[in-house]
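Structure, as structure tokens:
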Amino acid sequence: MFDHFGMAVHDVERSRAFYEAALAPLGLSCLASLDARATGDYPAHGFGAREALFWIYGADAVPDVGVHFAFRAATPAAVDAFHAAALAQGGTDNGAPGERPHYGAPYYAAFVRDPDGNNVEAVYRDPA
């Protein structure tokens, strides 16, 4: 449960291209782009389905410790497509698509590292 979240990245345009490709299979796209005049400090891009809930922004100081976050996928095939798109866009494999019973059943997920080393997950949880 969150309203929105964001994180600093080293290269906001490189990260925008990464997330546009990786999130497309999950039905998410870049819905908003703001320049430094609009934010008062840095460029930013917001992603979502109907509203921008996930933001990346360029900043002078990027934390050395990466973050982990998961996006909900509608199907296992969407998880597979997320993983493939992220790798094709320069992401690093951090866990191939598959069942993760240790996280609860059913739990089908894939993990990638984005260009800044953050651990990004797509997960399908069977609603049945």
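Remember, predicted model here, so these are calculated numbers, not experimental data. When reading the values below, keep in mind they use all heavy atoms of this one structure, side chains included, and skip hydrogens, waters and symmetry mates.
In this structure the side chain of R113 never reaches within 4.5 angstrom of the side chain of V120, judged on heavy atoms. Counting heavy atoms from C-beta outward, Q89 and Y19 have side chains that stay 4.5 Å or more apart. The side-chain heavy atoms of M7 and F69, taken from C-beta on, include a pair separated by under 4.5 Å.
Taking all atoms of both residues into account, the shortest heavy-atom contact from F18 to P115 is CG-CD, 3.5 Å. The two residues V9 and D116 come nearest to each other via the heavy atoms CB-OD2, 3.2 Å. Across all their heavy atoms, H83 and A96 have their closest contact at NE2-CA, 3.8 Å. In plain terms, the two heavy atoms of V79 and A122 that are nearest each other are CG1-O, 3.8 Å. Of all heavy-atom pairs between A78 and A73, the closest is CB-CB, 4.1 Å. The minimum heavy-atom distance between P25 and A21, with the atom names listed, is CD-O, 3.3 Å.
Taken together through direct or relayed side-chain contacts under 4.5 Å among Ile, Leu, Val, Met, Phe, Trp and Tyr, F82 and I56 form part of one hydrophobic cluster. In this structure, L87 is a member of the same hydrophobic cluster as L23, with clusters built from ILVMFWY side-chain heavy atoms closer than 4.5 Å. Residues F47 and V12 share a hydrophobic cluster, clusters being chains of Ile/Leu/Val/Met/Phe/Trp/Tyr side chains in contact below 4.5 Å. Linking ILVMFWY side-chain heavy atoms closer than 4.5 Å, directly or via other members, places L26 and W55 in two distinct hydrophobic clusters.
In this structure, CG in L31 is found 12.5 Å from NE2 in H45, a value given to the nearest 0.5 Å. E99 contributes atom CD, which lies 10.0 Å from atom OH of Y124 (distance to the nearest 0.5 angstrom).
Taking the six-membered ring for Trp and thresholds of 30 and 60 degrees, F71 and F54 have ring planes more than 60 degrees apart, a perpendicular arrangement.
Between the side chains of Y108 and D80, at least one donor N or O sits under 3.5 Å from an acceptor N or O.
Legend: residues meeting side chain to side chain contact (heavy atoms under 4.5 Å, CB included) with E121, ordered by chain and number and at least two apart, are H68, A70, Y107, A109, F111, V123.
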